[in-house]
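The next block holds one structure in the form of structure tokens; read it before the comments.
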Amino acid sequence: MTKAKALIIPVTPFQQNCTLLWCEATKRAVVIDPGGDLPDIERAIAQANVVVDKIWLTHGHIDHVGGAADLRAKLKVPIEGPHRSDLFLLENVVESAKMFGLRGASNVTPDRWLEEGQQVEVGELTFDVLHCPGHSPGSVAYINSAQRLAIVGDVLFAGSVGRTDLPGGDQRQLLKSIRDKLLPLQDDVTVISGHGPITTIGQERATNSFLQQATTASG
Ligand SMILES: [Zn+2]
Ligand SMILES: [Zn+2]
């Protein structure tokens with residue numbers, strides 16, 4: 001079976017997990033959430049010896065998208081995701097860069113907005129798109145059931161969940177997204193989050209205290 005491989009490149013002062021993900025059979029790759037530090041990302045691409053076909057975004061926060069427009073211009077590949085509800089964030093990247101004192105971040109318009117139930121492809125790998133609002137209104141997760149792999153952005157972390165105090169955040173909605181979209185995945189699914197270590201659905205189901213709230217939350 002075609003295998004997925006991933007290399008995590010922490011970028012920006014927020015140590016965001018930019019992920020270089022590729023199809024082992026074809027060596028075609030996607031860069032997920034190029035928040036900044038493009039030289040580090042380009043080095044990883046060269047090291048993995050893969051050809052990048054696409055950029056995927058999980059949501060519109062600066063640490064995830066700050067370098068996306070520049071990387072698109074360099075690699076001449078389309079940007080897919082997130083959900084259209086994060087448009088207001090993607091139009092505000094330069095402003096937030098000023099606020100955080102970051103350099104070189106650009107506003108970005110994706111080539112393709114994503115919605116619940118759509119699929120995205122890289123090489124021979126296909127990922128299902130889940131719309132998981134709450135951390136931001138347009139957050140999406142990318143799921144490959146065959147590879148037991150979920151890329152979830154800032155929706156779910158090892159031992160924690162995404163913050164909901166930023167514009168458009170909604171804690172009730174976040175817990176509902178986790179309960180309805182992520183918890184139905186099987187325990188052996190590996191989770192790559194936007195920050196911090198890799199985990200699994202089983203590990204989080206068993207130990208993440210926020211998920212107890214998620215399973216009991218109503219509505
Ligand atoms: Zn975020
Ligand atoms: Zn983040």
Side-chain angles (χ1 to χ4, degrees), residues 6-21 30-38 40-41 44 55-71 79-110 113-114 129-143 150-178 181-182 190-199 204 208 210-211 214:
L7 197 63
I8 290 173
I9 310 128
V11 296
T12 79
F14 299 95
Q15 292 292 291
Q16 193 275 121
N17 289 332
C18 173
T19 302
L20 176 66
L21 175 87
V30 56
V31 177
I32 304 167
D33 287 358
D37 298 334
L38 294 197
D40 293 348
I41 298 172
I55 296 168
W56 294 347
L57 303 179
T58 61
H59 66 294
H61 287 151
I62 183 167
D63 50 328
H64 297 256
V65 308
D70 281 1
L71 190 64
I79 297 176
E80 299 183 323
H83 187 275
R84 193 183 292 276
S85 314
D86 270 6
L87 174 62
F88 76 107
L89 295 171
L90 296 168
E91 287 175 335
N92 195 48
V93 178
V94 170
E95 274 307 304
S96 14
K98 277 186 207 155
M99 212 167 77
F100 291 115
L102 299 177
R103 278 166 201 241
S106 308
N107 291 353
V108 58
T109 307
W113 296 107
L114 295 176
V129 174
L130 301 182
H131 183 206
C132 298
H135 170 67
S136 74
S139 285
V140 296
Y142 299 96
I143 314 292
I151 291 129
V152 303
D154 290 356
V155 174
L156 176 66
F157 299 117
S160 188
V161 297
R163 59 190 287 187
T164 51
D165 58 333
L166 298 168
D170 181 327
Q171 192 186 20
R172 197 179 143 92
Q173 211 173 30
L174 177 71
L175 294 177
K176 182 173 162 55
S177 290
I178 294 171
K181 310 281 175 74
L182 299 184
T190 294
V191 176
I192 299 179
S193 301
H195 305 264
I198 285 178
T199 183
E204 296 315 302
N208 187 327
F210 292 92
L211 300 198

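Atoms within each ligand, like the ligands themselves, are counted from 1 in listed order. Throughout, numbering of the chain's residues begins at 1 and tracks the sequence. These numbers come from the heavy atoms of this one structure, side chains and all, not from hydrogens, waters or symmetry mates.
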Pairing residues for Asp40 by the salt bridge (charged side-chain N to carboxylate O under 4.0 Å, His left out) criterion, not counting sequence neighbours: Arg43
Side-chain polar contacts of residues 153-166 - donor-acceptor pairs under 3.5 angstrom, sequence neighbours left out - could you list them?
{"from": "Asp154", "atom 1": "OD1", "to": "His64", "atom 2": "NE2", "distance (Å)": "3.3"}
{"from": "Asp154", "atom 1": "OD1", "to": "His195", "atom 2": "NE2", "distance (Å)": "3.4"}
{"from": "Asp154", "atom 1": "OD2", "to": "His59", "atom 2": "NE2", "distance (Å)": "3.4"}
{"from": "Asp154", "atom 1": "OD2", "to": "His64", "atom 2": "NE2", "distance (Å)": "3.0"}
{"from": "Asp154", "atom 1": "OD2", "to": "His135", "atom 2": "NE2", "distance (Å)": "3.3"}
{"from": "Asp154", "atom 1": "OD2", "to": "His195", "atom 2": "NE2", "distance (Å)": "3.4"}
{"from": "Arg163", "atom 1": "NE", "to": "Asp165", "atom 2": "OD1", "distance (Å)": "2.7"}
{"from": "Arg163", "atom 1": "NH2", "to": "Asp165", "atom 2": "OD1", "distance (Å)": "3.4"}
{"from": "Arg163", "atom 1": "NH2", "to": "Asp165", "atom 2": "OD2", "distance (Å)": "3.0"}

With heavy-atom distances below 4.5 Å as the criterion, would you say the side chains of Ser106 and Asp70 are in contact? yes
State, with a plain yes or no, whether a side-chain heavy atom of Ile32 is found less than 4.5 Å away from one of Cys18. no
The Zn ion (ligand 1) neighbourhood, protein N/O/S only, threshold under 2.8 Å: His59 NE2, His61 ND1, His135 NE2, Asp154 OD2
If we count only N and O atoms by modelled type, under 3.5 Å, do the side chains of Asp63 and Thr12 hold a donor and an acceptor together? no
Can you sort out the partners of Glu95 under salt bridge (charged side-chain N to carboxylate O under 4.0 Å, His left out), two or more places apart, ordered by chain and number? Lys98
